[in-house]
Amino acid sequence: MCKICRNENLEGLEELNCSDCPSLTIIPYIKGLKILYCYRCPLLTSIPKIKGLTKLSCYRCPLLTSIPKIKGLEELNCSDCPSLTIIPYIKGLKILYCYRCPLLTSIPKIKGLTKLSCSGCPLLTTIPHIKGLQELICDDNPVTSIPNIRSLKRLLCTGCLLLTKIPNIEGLERLYCWNCPLITSIPMIKRLKELDCYMGCPLLMYIPI
(Lines give C-alpha, C1' and ligand atoms only; values in the text may rest on other atoms or scores of the structure.)
Protein backbone atom coordinates (compact mmCIF):
# COMPACT_ATOMS: atom_id res chain seq x y z
CA MET A 1 0.00 0.00 0.00
CA CYS A 2 1.39 3.41 -0.99
CA LYS A 3 1.55 6.69 0.95
CA ILE A 4 -1.71 7.87 -0.58
CA CYS A 5 -3.65 4.78 0.46
CA ARG A 6 -2.12 4.96 3.94
CA ASN A 7 -3.41 8.55 4.23
CA GLU A 8 0.03 9.91 4.99
CA ASN A 9 0.70 13.64 4.94
CA LEU A 10 1.82 14.53 1.40
CA GLU A 11 2.15 18.28 1.92
CA GLY A 12 5.49 19.67 0.76
CA LEU A 13 6.53 16.58 -1.20
CA GLU A 14 8.57 17.24 -4.35
CA GLU A 15 8.82 13.57 -5.38
CA LEU A 16 6.22 10.84 -4.91
CA ASN A 17 6.46 7.16 -5.78
CA CYS A 18 3.17 5.28 -5.49
CA SER A 19 3.96 2.64 -8.12
CA ASP A 20 2.86 -1.00 -7.92
CA CYS A 21 -0.03 -0.13 -5.60
CA PRO A 22 -2.89 -2.60 -6.18
CA SER A 23 -5.56 -0.39 -4.57
CA LEU A 24 -4.69 3.12 -5.80
CA THR A 25 -7.52 4.60 -7.88
CA ILE A 26 -6.85 8.34 -7.78
CA ILE A 27 -3.94 10.68 -7.07
CA PRO A 28 -4.72 13.91 -5.19
CA TYR A 29 -3.46 17.30 -6.30
CA ILE A 30 -0.17 17.90 -4.46
CA LYS A 31 1.07 21.47 -4.66
CA GLY A 32 4.81 21.72 -5.37
CA LEU A 33 5.20 18.14 -6.62
CA LYS A 34 7.87 17.90 -9.31
CA ILE A 35 8.34 14.16 -9.92
CA LEU A 36 5.57 11.54 -9.91
CA TYR A 37 6.00 7.78 -10.33
CA CYS A 38 2.70 5.91 -10.48
CA TYR A 39 3.44 3.07 -12.88
CA ARG A 40 1.95 -0.45 -12.71
CA CYS A 41 -1.15 0.63 -10.78
CA PRO A 42 -3.97 -1.59 -12.10
CA LEU A 43 -6.87 0.52 -10.75
CA LEU A 44 -5.55 4.02 -11.46
CA THR A 45 -7.90 5.86 -13.81
CA SER A 46 -6.55 9.43 -13.97
CA ILE A 47 -3.60 11.75 -13.33
CA PRO A 48 -4.17 15.22 -11.82
CA LYS A 49 -2.99 18.31 -13.67
CA ILE A 50 -0.26 19.26 -11.19
CA LYS A 51 1.27 22.65 -11.88
CA GLY A 52 5.07 22.50 -11.79
CA LEU A 53 5.37 18.75 -12.43
CA THR A 54 8.46 18.07 -14.56
CA LYS A 55 8.57 14.26 -14.73
CA LEU A 56 5.69 11.79 -14.93
CA SER A 57 6.04 8.01 -15.19
CA CYS A 58 2.68 6.25 -15.43
CA TYR A 59 3.37 3.27 -17.67
CA ARG A 60 1.49 -0.05 -17.43
CA CYS A 61 -1.67 1.44 -16.00
CA PRO A 62 -4.42 -0.47 -17.86
CA LEU A 63 -7.32 1.84 -16.92
CA LEU A 64 -5.59 5.11 -17.71
CA THR A 65 -7.34 6.66 -20.72
CA SER A 66 -5.75 10.12 -20.91
CA ILE A 67 -2.76 12.23 -19.93
CA PRO A 68 -3.34 15.76 -18.61
CA LYS A 69 -1.87 18.70 -20.48
CA ILE A 70 0.69 19.74 -17.88
CA LYS A 71 2.56 22.86 -18.92
CA GLY A 72 6.27 22.58 -18.10
CA LEU A 73 6.38 18.76 -18.06
CA GLU A 74 9.76 17.72 -19.47
CA GLU A 75 9.66 13.91 -19.39
CA LEU A 76 6.67 11.60 -19.84
CA ASN A 77 6.54 7.81 -19.85
CA CYS A 78 3.04 6.52 -20.56
CA SER A 79 4.03 3.30 -22.32
CA ASP A 80 2.10 0.02 -22.08
CA CYS A 81 -1.20 1.76 -21.34
CA PRO A 82 -3.72 -0.26 -23.38
CA SER A 83 -6.62 2.22 -22.88
CA LEU A 84 -4.68 5.36 -23.79
CA THR A 85 -5.91 6.85 -27.08
CA ILE A 86 -4.19 10.24 -27.34
CA ILE A 87 -1.05 12.11 -26.30
CA PRO A 88 -1.74 15.82 -25.70
CA TYR A 89 0.44 18.62 -27.00
CA ILE A 90 2.55 19.49 -23.96
CA LYS A 91 4.63 22.61 -24.40
CA GLY A 92 8.15 22.10 -23.03
CA LEU A 93 8.15 18.30 -23.23
CA LYS A 94 11.62 17.00 -24.12
CA ILE A 95 11.39 13.21 -23.69
CA LEU A 96 8.37 11.06 -24.59
CA TYR A 97 8.02 7.30 -24.14
CA CYS A 98 4.71 5.99 -25.44
CA TYR A 99 5.61 2.58 -26.83
CA ARG A 100 3.21 -0.39 -26.87
CA CYS A 101 0.01 1.65 -26.70
CA PRO A 102 -2.35 -0.32 -28.97
CA LEU A 103 -4.99 2.43 -29.35
CA LEU A 104 -2.63 5.31 -30.02
CA THR A 105 -3.07 6.66 -33.56
CA SER A 106 -0.91 9.80 -33.62
CA ILE A 107 1.92 11.70 -31.97
CA PRO A 108 1.61 15.48 -31.57
CA LYS A 109 4.22 17.69 -33.23
CA ILE A 110 5.78 18.90 -30.00
CA LYS A 111 8.29 21.69 -30.50
CA GLY A 112 11.44 21.08 -28.44
CA LEU A 113 11.06 17.30 -28.14
CA THR A 114 14.51 15.67 -28.29
CA LYS A 115 13.68 11.97 -27.79
CA LEU A 116 10.64 10.00 -28.97
CA SER A 117 10.11 6.30 -28.32
CA CYS A 118 6.86 5.06 -29.87
CA SER A 119 7.57 1.46 -30.87
CA GLY A 120 4.96 -1.26 -31.03
CA CYS A 121 1.90 0.93 -31.65
CA PRO A 122 -0.10 -1.01 -34.28
CA LEU A 123 -2.33 1.96 -35.26
CA LEU A 124 0.48 4.51 -35.55
CA THR A 125 1.01 5.01 -39.28
CA THR A 126 2.86 8.34 -39.38
CA ILE A 127 5.70 10.03 -37.50
CA PRO A 128 5.50 13.85 -37.28
CA HIS A 129 8.32 16.06 -38.51
CA ILE A 130 9.56 17.40 -35.16
CA LYS A 131 12.25 20.01 -35.57
CA GLY A 132 15.07 19.46 -33.07
CA LEU A 133 14.36 15.76 -32.46
CA GLN A 134 17.63 13.90 -31.88
CA GLU A 135 16.54 10.31 -31.20
CA LEU A 136 13.62 8.43 -32.77
CA ILE A 137 12.66 4.86 -31.85
CA CYS A 138 9.69 3.65 -33.87
CA ASP A 139 10.26 -0.11 -34.23
CA ASP A 140 7.44 -2.47 -35.21
CA ASN A 141 5.04 0.23 -36.41
CA PRO A 142 3.04 0.28 -39.69
CA VAL A 143 4.73 3.49 -40.88
CA THR A 144 5.46 3.85 -44.58
CA SER A 145 7.97 6.69 -44.29
CA ILE A 146 10.33 8.44 -41.87
CA PRO A 147 10.46 12.26 -41.92
CA ASN A 148 13.75 13.86 -42.90
CA ILE A 149 14.57 15.56 -39.60
CA ARG A 150 17.95 17.26 -39.95
CA SER A 151 18.69 17.21 -36.21
CA LEU A 152 18.13 13.44 -35.91
CA LYS A 153 21.25 11.57 -34.72
CA ARG A 154 19.87 8.13 -33.83
CA LEU A 155 17.12 6.26 -35.69
CA LEU A 156 15.69 2.84 -34.84
CA CYS A 157 13.04 1.68 -37.29
CA THR A 158 13.52 -2.10 -37.19
CA GLY A 159 10.53 -4.29 -37.92
CA CYS A 160 8.67 -1.61 -39.89
CA LEU A 161 7.28 -3.94 -42.52
CA LEU A 162 5.74 -1.20 -44.70
CA LEU A 163 8.73 1.13 -44.70
CA THR A 164 10.15 1.50 -48.22
CA LYS A 165 12.81 4.17 -47.84
CA ILE A 166 15.34 5.64 -45.41
CA PRO A 167 15.66 9.42 -45.89
CA ASN A 168 19.05 11.01 -46.39
CA ILE A 169 19.26 12.63 -42.96
CA GLU A 170 22.31 14.83 -42.98
CA GLY A 171 23.28 14.59 -39.30
CA LEU A 172 22.33 10.94 -38.66
CA GLU A 173 25.05 9.01 -36.81
CA ARG A 174 23.37 5.70 -35.95
CA LEU A 175 20.84 3.79 -38.04
CA TYR A 176 19.16 0.48 -37.19
CA CYS A 177 16.79 -0.73 -39.89
CA TRP A 178 16.95 -4.52 -39.95
CA ASN A 179 13.80 -6.54 -40.67
CA CYS A 180 12.42 -3.95 -43.07
CA PRO A 181 11.60 -6.17 -46.06
CA LEU A 182 10.63 -3.39 -48.50
CA ILE A 183 13.78 -1.28 -48.21
CA THR A 184 15.93 -1.50 -51.35
CA SER A 185 18.81 0.85 -50.52
CA ILE A 186 20.55 2.88 -47.83
CA PRO A 187 21.38 6.50 -48.68
CA MET A 188 24.90 7.94 -48.52
CA ILE A 189 24.90 9.65 -45.10
CA LYS A 190 28.24 11.33 -44.48
CA ARG A 191 28.14 11.39 -40.67
CA LEU A 192 26.87 7.83 -40.23
CA LYS A 193 29.02 5.93 -37.71
CA GLU A 194 26.92 2.83 -37.11
CA LEU A 195 24.61 0.92 -39.48
CA ASP A 196 22.66 -2.24 -38.65
CA CYS A 197 20.68 -3.78 -41.51
CA TYR A 198 22.08 -7.28 -41.16
CA MET A 199 18.89 -9.33 -41.53
CA GLY A 200 15.32 -9.26 -42.81
CA CYS A 201 15.96 -6.89 -45.74
CA PRO A 202 15.74 -9.21 -48.77
CA LEU A 203 15.38 -6.37 -51.31
CA LEU A 204 18.36 -4.38 -50.04
CA MET A 205 20.72 -4.23 -52.98
CA TYR A 206 22.82 -1.18 -52.17
CA ILE A 207 24.79 -0.18 -49.06
CA PRO A 208 27.00 2.92 -49.38
CA ILE A 209 30.69 2.78 -48.54
Query - For the student: nearest non-hydrogen atoms of C157 and D139, plus distance - result: N-OD1, 3.4 Å
Query raised in the report: Would I169 end up clustered with I207 when hydrophobic side chains under 4.5 Å apart are linked, directly or stepwise?
Result: yes
Report task. Answer whether the closest heavy-atom distance between the side chains of S117 and L156 falls below 4.5 Å. Result -> no
Query raised in the report: Quick one: do I137 and L155 end up in the same hydrophobic cluster if we chain Ile, Leu, Val, Met, Phe, Trp and Tyr together by side-chain heavy atoms under 4.5 Å apart?
Result: no
Query raised in the report: Mind checking what makes side-chain hydrogen bond (donor to acceptor under 3.5 Å, both in side chains) contact with E135, not counting sequence neighbours?
Result: R154
Query - Gap separating the CG atom of L133 from the NZ atom of K111, nearest 0.5 angstrom - result: 14.5 Å
Query raised in the report: Rounded to the nearest 0.5 Å, what separation is found between the CD atom of E194 and the CG atom of L172?
Result: 10.5 Å
Query raised in the report: Hey, does T25 have a side-chain heavy atom less than 4.5 Å from the side chain of T45?
Result: no
**Report entry** Nearest-0.5 Å distance, NE2 of residue H129 to CD1 of residue I146
**Finding:** 11.5 Å
Query raised in the report: Would you say the side chain of T125 lies within less than 4.5 Å of the side chain of T144, judging by non-hydrogen atoms?
Result: no
Query raised in the report: Closest approach of P62 and S83, non-hydrogen atoms and distance?
Result: O-OG, 2.7 Å
Query raised in the report: When rounded to the nearest 0.5 angstrom, what is the spacing between CD1 in I127 and NZ in K109?
Result: 13.5 Å
Query raised in the report: Under a 4.0 Å N-O cut-off, is there an ion pair linking K153 with E173?
Result: no
**Report entry** For I110 against I130, the heavy-atom pair lying closest together
**Finding:** O-CG2, 3.2 Å
Requested in this report: Evaluate the side chain to side chain contact (heavy atoms under 4.5 Å, CB included) criterion for residues I189 and E170: first the C-alpha distance (whole Å), next the side-chain angles of each, then the deciding distance (0.1 Å), finally the verdict.
Outcome: CA-CA 6 Å; I189 302 173; E170 183 179 338; over 6 Å; no
Report task. Give the cluster check for L73 versus Y59: same hydrophobic cluster or not, with ILVMFWY residues linked at side-chain heavy-atom distances below 4.5 Å. Result -> no
Query - Side-chain heavy atoms of L103 within contact of L84, under 4.5 Å - result: no
Report summary line: Hits for side-chain hydrogen bond (donor to acceptor under 3.5 Å, both in side chains) against D140, two or more places apart or cross-chain, chain-then-number order -> none
Requested in this report: Kindly indicate whether the side chain of L175, heavy atoms from C-beta on, has any atom under 4.5 Å from the side chain of D196.
Outcome: no
**Report entry** Considering all heavy atoms, the nearest P181-P202 contact
**Finding:** CA-CD, 3.7 Å
Query - side chain to side chain contact (heavy atoms under 4.5 Å, CB included) evaluation trace for C58 with L64 - result: CA-CA 9 Å; C58 55; L64 193 64; 3.8 Å; yes
Query raised in the report: With the 4.5 Å side-chain cut-off for hydrophobic clustering, are I67 and I107 part of the same group?
Result: yes
**Report entry** Non-hydrogen side-chain atoms of L10 and K3 separated by less than 4.5 Å
**Finding:** yes
**Report entry** Flag if over 12 foreign heavy atoms under 6.0 Å of CD, E8
**Finding:** yes
Query - Minimum-distance pair of heavy atoms, taken over all atoms of C177 and C197 - result: SG-CB, 3.8 Å
Name each donor-acceptor pair under 3.5 Å that joins a side chain in residues 86-100 to protein atoms two or more places apart or in another chain, with its distance.
unit_1 : atom_1 : unit_2 : atom_2 : d
Y97    : OH     : K115   : NZ     : 3.2
R100   : NE     : D80    : OD1    : 3.0
R100   : NE     : D80    : OD2    : 3.4
R100   : NH2    : D80    : OD2    : 3.0

**Report entry** Pairwise side-chain contact, L152 with Q134, heavy-atom cut-off 4.5 Å (strictly under)
**Finding:** no
Query raised in the report: Do L182 and V143 sit in the same hydrophobic cluster, where Ile, Leu, Val, Met, Phe, Trp and Tyr count as joined when their side-chain heavy atoms come under 4.5 Å apart?
Result: no
Query raised in the report: Does the pair N141 and L123 meet the rule for a side chain to side chain contact (heavy atoms under 4.5 Å, CB included), with working shown?
Result: CA-CA 8 Å; N141 285 340; L123 300 182; over 6 Å; no
**Report entry** Rounded distance [0.5 Å steps], NZ in K190 versus CG in N168
**Finding:** 9.5 Å
Query - Pair T158-N179, side-chain donor/acceptor within less than 3.5 Å - result: no
Requested in this report: Might you point out which heavy atoms bring C61 and P82 nearest each other, and give the distance in Å?
Outcome: O-CD, 4.3 Å
Query raised in the report: How far does SG of C18 sit from CD1 of I4, to the nearest 0.5 angstrom?
Result: 4.0 Å
